[in-house]
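A, B, ... follow the sequence lines: proteins, then strands. Residue 1 opens every chain. The basis for the numbers below is simple: all heavy atoms, side chains too, and nothing from hydrogens, waters or symmetry mates.
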Amino acid sequence: MAKELKELTSREENYSQWYNDLVGKAGLAENSSVRGCMVIKPYGYAIWEKMQRALDQMFKDTGHVNAYFPLFIPKSFFSKEAKHVEGFAKECAVVTHYRLMNDPEGKGVVVDPDAKLEEELIVRPTSETIIWNTYKGWIQSYRDLPILCNQWANVVRWEMRTRLFLRTAEFLWQEGHTAHETREEAIEEAYKMVHVYRDFAEQFMGVPVIVGHKSENERFAGAEDTLTIEALMQDGKALQSGTSHFLGQNFAKAFDVQFANRDGKLEHVWATSWGVSTRLMGALIMAHSDNNGLVLPPKLAPIQVVMIPIYKGEEELKAVVARMEEFAAELKKRGISVKIDDRDNVRSGFKFAEYELKGVPVRLAMGPRDMQNGTIEIARRDMLTKETVQQEGLADMIEGLMDEIQKNIFEKALTFRERMTTVVDDYEEFKRLLDEKGGFMLCHWDGTPETEEKIKEETKATIRCIPIDMPAEPGKCMVTGKPSAGRVLFARSY
RNA sequence: CGGGAUGUAGCGCAGUCCGGUUAGCGCGCCACGUUCGGGACGUGGAGGUCGAAGGUUCGAAUCCUUUCAUCCCGACCA
């Protein structure tokens, strides 16, 4: 196996290649032979599972339950919400037939023309329509509200150009769909969930994010307001990592979902939807990795500690591994996942490199010398440092290290983001910085879609969000000079 | 869908311009041995018929036509 990762001398130029290389070599995913689709390999999926588990717990803690809705959505459902169809119609996979037959000319299998569907089925690009069609039957009175459902599912969007984890034709995600009695309650839910996403990104992934509103141009098709978490990747581009939408009564009206309110009057239900996808994997990779490979935060690492025996001959191996198993048992008791790599067909140096590539947070190496001295070598993936320590109290030390590494990875990313966030007032300066530095730019904008569009066309930068915690700061739009109430966050993005 | 490029062993490539023995190289893989504190080494071995189809030719990885696929740059997007 050619495991060497390409050295990344110029991140701006080669970042895509480097990213693909890393995703492949770390064993996370690969392109499938199926157009635009991705195979998530076991190691990559193990990380995704850890993300799922943590998120799912957070959803449950905020009162949500899981359910599952159909993969296929009748075409007519899409015509009920005008903006929604505008946003999604272009990129849908459509099922038109339900049967195959042997080719009469003997050339394999063909679609049976007699098996044409009356109404085509759309493979869900998102589930608002099918879910609101279902909710209609669940809701009669305010006593039926709120409905706080989430589903873990796959969705399909027929993208022109794909990229592992960041944009694939099919991807895995969770989508929450809630129904509420009042506007205020729905808005509160949308905020609550974007903050769940923020907490997850920062506390589990170690990726600092900016929470804010999407501008009108970038808003979800059919939403009144879209909240987003925006992360900054190491190449200076932004990545939208999760969204939470306040849908108003749009879908309730489209699907005629009304309830008897406390005054006995019929009213349309208020809605939210929110989701994060396997794109988070991309964020995780691009936020922390270095030239040695992946850097995983302990909370999401499938293997938190790897132990590598150093030895000559079978006897030494046995002795070292036996001691390692004692440590491993102790660590497992504390809920730390451990792997002892006692493979005899590769040398220890190879293993070191391999686990660095896979981003394992802590590596322990022990050989005959350590056995004699009662020591062990302990290496940190985030710092690429190693030291030899006394075996005594090892478990405590590692438990502490887990927290320290988790924190350090976040701090590093935060420092990077701060360094890469610039306050800009001049449009020419803005353009120059985009090319020379990248990152987030905090700028005044006159609030019009036209100006945003113009900036996008001229610079490829978009408004990532209007941060919710930005202080009010009157100023002048950097392009038109018209008044602005506060700065918004610009960046080039994935 | 527009612009560019590439398809040769599991992976990365050379060979193609200028057609000519049995299609090469590195990594990986298999066997044995020596090694083993940062990606080991030796010896032996397996594996491709050059993306696909058609054509030109005594002869095609190489020339021509068609086609498919992938990647990059745009447009679209979580």
Fill in the blank from the handout: note: A:Tyr355, atom OH; B:G39, atom C1'; distance rounded to Å ~ 14 Å

Problem - Given RNA chain B, 5'-ward residue of the pair A:Glu170 and A:Thr388, judged by closest heavy atom - result: A:Thr388

Problem - Lys/Arg cation over aromatic A:Phe171: A:Arg157, 6.0 Å, 45° cone - result: no

Handout entry: Rounded distance (Å) that lies between atom P of B:C27 and atom CZ of A:Phe350
Key = 14 Å

Practice task
State which of B:G37, B:G38, B:C72 makes the closest approach to the side chain of A:Phe352.
Solution key: B:G38

Collect all protein-nucleotide pairs involving nucleotides 30-36 of chain B in which both atoms are nitrogen or oxygen and the distance is under 3.5 Å.
residue : atom : partner  : partner atom : Å
B:U35   : O2'  : A:Arg347 : NH2          : 3.4
B:C36   : O4'  : A:Arg347 : NH2          : 3.2
B:C36   : O2'  : A:Tyr311 : O            : 3.0

Fill in the blank from the handout: A:Lys351 atom NZ is separated from B:G37 atom P, nearest whole Å, by 11 Å

Handout entry: Length of the line joining A:His84:NE2 and B:C77:P, which is rounded to integer Å
Key = 14 Å

Problem - Exam field: side chain A:His64 to backbone A:Lys60, donor-acceptor pair closer than 3.5 Å - result: no

Handout entry: Distance, rounded to the nearest Å, where A:Gln240 contributes CD and B:C76 contributes C1'
Key = 14 Å

Exercise for the section: For atom CD of A:Glu392, decide whether the heavy atoms of other residues, nucleotides or ligands shown that lie under 6.0 angstrom number more than 12. Expected result: no

Practice task
Could you let me know what B:U16 is paired to, Watson-Crick or G-U wobble, both distances under 3.5 Å, or none if it's on its own?
Solution key: none

Practice task
Using the closest heavy atom to pick a nucleotide of RNA chain B for each, name whichever of A:Thr243 or A:Thr162 lands nearer the 5' end.
Solution key: A:Thr162

Practice task
Pick the C1' atom in B:G47 and in B:A23, then give their distance to the nearest Å.
Solution key: 14 Å

Exercise for the section: May I ask you to decide whether A:Lys358 forms a salt bridge with A:Glu354, counting only side-chain N to carboxylate O separations under 4.0 Å? Expected result: no

Exercise for the section: Determine which nucleotide pairs with B:G59, using a 3.5 Å limit on both distances of a Watson-Crick or G-U wobble pair. Expected result: none

Fill in the blank from the handout: Any strand, both distances under 3.5 Å, Watson-Crick or G-U wobble: B:A69 pairs with B:U6

Between protein and nucleotides 4-9 of chain B, what N or O pairs are separated by less than 3.5 Å?
none

Fill in the blank from the handout: Per side-chain contact (heavy atoms from CB on, under 4.5 Å), A:Arg363 is matched among A:Glu356, A:Lys351, A:Arg381 by A:Glu356

Problem - All salt bridge (charged side-chain N to carboxylate O under 4.0 Å, His left out) counterparts of A:Asp370, not counting sequence neighbours - result: none

Practice task
Could you tell me the separation between the CD atom of A:Glu377 and the C1' atom of B:G38, rounded to a whole number of Å?
Solution key: 9 Å

Handout entry: Any donor-acceptor N or O pair under 3.5 Å, side chains A:Arg124, A:Thr126
Key = no

Practice task
For B:C77, give its Watson-Crick or G-U wobble partner with both distances under 3.5 Å, or none.
Solution key: none

Exercise for the section: Carefully, step by step, assess A:Leu247 and A:Phe220 under the rule side-chain contact (heavy atoms from CB on, under 4.5 Å). Expected result: CA-CA 9 Å; A:Leu247 301 173; A:Phe220 176 74; 4.1 Å; yes

Exercise for the section: Compute both the distance and the angle, then confirm whether A:Arg163 meets the cation-pi test with A:Tyr19: under 6.0 Å from the six-membered ring centre, within 45 degrees of the axis. Expected result: yes

Practice task
Just call it for A:Phe171: base, sugar-phosphate, or nothing, with non-hydrogen atoms closer than 4.0 Å on any strand.
Solution key: base

Exercise for the section: Decide whether A:Glu120 and A:Thr96 meet the rule of one side-chain donor and one side-chain acceptor closer than 3.5 Å. Expected result: no

Problem - C1' gap between B:C50 and B:G15, integer Å - result: 10 Å

Fill in the blank from the handout: Partner of B:C11 under the Watson-Crick or G-U wobble criteria, both distances under 3.5 Å, comes out as B:G26

Exercise for the section: Would you mind pulling out the nucleotide paired to B:G47, Watson-Crick or G-U wobble, both distances under 3.5 Å? Expected result: none

Problem - Complementary nucleotide for B:C41 - Watson-Crick or wobble, under 3.5 Å - result: B:G33

